[in-house]
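The block underneath contains the structure these notes are about, expressed in structure tokens.
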Amino acid sequence: MPPFAYIEDLPTLVGQEVTLRGWLYNKRSSGKVRFLLLRDGTGLVQGVMVKNKIPDEDFAAFDRLTQESSLLIRGVVRAEPRAPGGYELDLSAVAPLHLAQDYPIAPKEHGIDFLLNHRHLWLRSPRQQAILRIRDEISHACREFFHQRRFVLVDTPIFTPTACEGTTTLFATDYFGDRKAYLTQSGQLYLEAAAMALGRVYCFGPTFRAEKSKTRRHLTEFWMLETEIAFAELPDILALAEALICHLVAQVLANRRAELDLLERPLAPLMAIQPPFPRLTYTEAIQRLTAAGHEVAWGDDLGAPEETFLSQSFDRPVMITHYPKECKAFYMKPDPADPRTVLCVDVLAPEGVGEIIGGSQREDDLTALLTRLQEHNLPQEPLEWYLDLRRYGSVPHSGFGLGLERLVAWICGLHHVREAIPFPRLMDRLNP
RNA sequence: UCCCCGGUAGCUCAGUCGGUAGAGCAGGUGGCUGUUAACCACUUUGUCGGCGGUUCGAGUCCGUCCCGGGGAGCCA
């Protein structure tokens, strides 16, 4: 038996006989010449079977093959200009492994409800495969970026005893009867502790928000890449966030061009993602917005229409800093130059995906932090361990978090983040 | 939680003025020696989301509940 091969390697195997293992994507027949499209997870290739050039049994097996049946095919690789991928297989053997019965997803249009109910099968479609490969590329590039800069990956807990920020709704789970454990909405506080141990750290994992949000930017379970750096101040993390986004976009452009093409994602907007990114203070953003006719006053948080307007004003991500402290979390450090504001940053992606990064310089003074806790009506006792970080060698430090699905959606040009994660969890959707 | 839209065949949808259910695709049968979501012929398939109401008669009108989608707020 000829060696097993993968479809993505066929260009290097022209003229050789190979065996492929995969699933039937589609088939067509013209009587004595029959075509089958095989996918194997690495690509799609058409096999051509001609009667009398293949055993009768194998030729007849074509009739029984249904969409998504698994099978093994053998044939000689041939360059074929007419084929979409540029290569075809002249088949000498076709062996069904398992015949699929009534595969529900046809190579046709389907509604989103139907597709999400069949997400476990929808993943097999070329478009979803392309998205998942780009997500993998981005995840890999995230780890590579921080590892190269000698950051330490610190895995923060999923179960947490209390809210990190208090405001957002948390998922509560029963913890041995008399206690509640909450699913983490951020690893930040733990990462701050780790930064005091290791200096430069990051975490990358799932986070959970029980917000009843029904928009194209929200999931109840999503992945967040977070970093925390001892001795870093706001300008340092602006530069780091800028370098990170540029690295991720560049890696996708370099390694996943075929997938971007399949998604029909225009490349020019991605190639424009180069430093420096525009930086705007919140106050400047408000001035821009009011000049453009938006009815916002200084002190209002920016809503979706305002964020969309600002992001569409630039061809690359825009960094908005120095929000009013009332809009932001208790741990953010007020700006000494204007204590009404905090040393924070939101990075808005172009093309309407919204905020992809949120970060800040953290309050490192114990007394100031206690005051901020009171202002936010947060209990002190559960956060004593966090306050310890300000009691034992407190230093300036800063960090940010990046929402993976929003970044994937932006880079892939997706309309909704639900396609950017293998099994999306939404307010009204927990299956499959 | 609020606002808007939708639910008809396995899928995507049409269904006029209230008059007894349709198309394309998928599935099935047959044909075709280069097909690209192949094509051609024939063909199977219905709790019109549930419940109640109006009516001689309801997919169609009214009420209510369920489910889904889009958006807001909040956030990444």
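Each chain gets a letter, A, B and so on, in the order the sequences are listed, and its residues count up from 1.
Not less than 6.0 angstrom separates the ring centroid of A:H147 from the ring centroid of A:F151.
Ring-to-base geometry places A:F222 in a stacked arrangement with B:A76 (centre distance under 5.5 Å, plane angle under 30°).
Under the Watson-Crick and G-U wobble criteria, each requiring two contacts below 3.5 Å, nucleotide B:G10 is paired to B:C25.
One C1' atom belongs to B:A58, the other to B:U12, and the distance between them is 25 Å to the nearest Å. The separation of B:C4 from B:G73, taken at their C1' atoms, amounts to 16 Å, rounded to a whole angstrom. Nucleotides B:U29 and B:A21 have their P atoms positioned 29 Å apart, rounded to a whole Å. Atom P of B:G28 sits at a distance of 33 Å from the matching atom of B:U20, rounded to the whole Å. Here the separation of B:G6 from B:C40, taken at their C1' atoms, is 37 Å to the nearest Å. B:C25 and B:C67: their C1' atoms are spaced 25 Å apart (whole Å).
Screening residues 35-62 of chain A for ring pair (Phe, Tyr, Trp, His ring centres under 6.0 Å), with sequence neighbours left out, gives no hits.
A cation-pi arrangement is absent between A:R143 and A:F146 under the rule of less than 6.0 angstrom and at most 45 degrees off the ring axis. Annotation: cation-pi geometry satisfied between A:R340 and A:W298 (NZ/CZ under 6.0 angstrom from ring centroid, within 45° of ring axis).
Between A:H416 and A:R28, the residue whose closest nucleotide on RNA chain B is further toward the 5' end is A:R28. Each of A:M224 and A:R418 has a nearest nucleotide on RNA chain B; the 5'-most of these lies closest to A:R418.
Counting heavy-atom neighbours within 6.0 Å of A:Q148 CD, excluding the residue itself, gives a total above 12.
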Give each protein N/O atom lying under 3.5 Å from an N/O atom of nucleotides 2-11 of chain B, with the pair distance.
unit_1, atom_1, unit_2, atom_2, d
B:C11, O2', A:E109, O, 3.4
B:C11, O2', A:H110, ND1, 2.5

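Using a 4.0 Å heavy-atom cutoff across all strands shown, A:A304 reaches sugar-phosphate atoms only and no base atom. Using a 4.0 Å heavy-atom distance criterion, A:R82 is classed as a base contact.
At B:G73, none of the side-chain N or O atoms of A:R217 fall inside 4.0 Å of OP1 or OP2 (strictly under the cut-off). Remark: A:R429 is in phosphate contact with B:G69, judged by side-chain N or O atoms under 4.0 Å from OP1 or OP2.
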